[in-house]
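Data first, discussion second: the structure below is written as structure tokens.
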Amino acid sequence: MKKVILEVSARHLHLSEKDLFVLFGKNYVLHKKKDLSQKGEFAAQETVDVVHKNKVLSCRIVGPTRKQTQVELSATDFKFLELPTSLRLSGDLKNTGGAVLVGPKAKIKLKQGLILAKRHLHIDPKTAQKWNLKNGQSISAVNRGERAVVFKNVIVRIGDFSTRLHLDTDEANASGLKNNDFIYLDI
Ligand SMILES: [Zn+2]
């Protein structure tokens, strides 16, 4: 068992520069609310409304901008919006669903990009090698406590990362976990 820090990913979205400029105005620059654990990433002060069938979810932007717009929601959020889930790793947006994004300047009909993020472990190459983990490998993680759960199918993502395991709010709430708790890799 290896102990790592858990982070609970609340619903959020990443915007392409093009979509950011449409929603907020040309050459708009996001305002940082706080830095996130992964290098360069930050929670912005700005939010966008994700709308489907008159249901509205306020969604925080995580910057900086990315190549493609991606909205990461929990299963509860998908249910609320009455949309089917697409369980994906970040960046894998083919055949995912869309919704309407509403910003202060305009709205966008996003054709695809809504995902339910697969459980994943961010890890740096050195630690991954030490722990004998391969990129894309699927592992299990367990928490301790009265509502202990075995989380299977945690995908290993090796890169220039801080070592953190990411679950969404549904997964964390159902198992009594909170941000920055420890979780144990079954390796
Ligand atoms: Zn992550």
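We count ligands from 1, going down the list as the structure has it; atoms in each ligand are counted the same way.
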Original post:
Is it true that Lys178 and Glu7 make a salt bridge, defined as a side-chain N closer than 4.0 Å to a carboxylate O?
Top reply: no

**OP:** Report the residues that fulfil side-chain hydrogen bond (donor to acceptor under 3.5 Å, both in side chains) with Lys130, sequence neighbours left out, ordered by chain and then residue number.
**Re:** none

**OP:** Using side chain to side chain contact (heavy atoms under 4.5 Å, CB included) as the criterion, list what pairs up with Asn153, not counting sequence neighbours.
**Re:** Ser138

Original post:
Which protein N, O or S atoms lie under 2.8 Å from the Zn ion (ligand 1), given by chain and residue number?
Top reply: His120 NE2, His122 NE2, His166 ND1

**OP:** Could you identify which residues cluster with Val62, counting Ile, Leu, Val, Met, Phe, Trp and Tyr as linked when any side-chain heavy atoms lie under 4.5 Å apart, either directly or through a chain of such contacts?
**Re:** Leu36

Subject >> Shortest non-hydrogen contact from Val50 toward Cys59 >> reply: CG2-CB, 3.8 Å

Subject >> Greater than 12 external heavy atoms within 6.0 Å of Asp160's CG >> reply: no

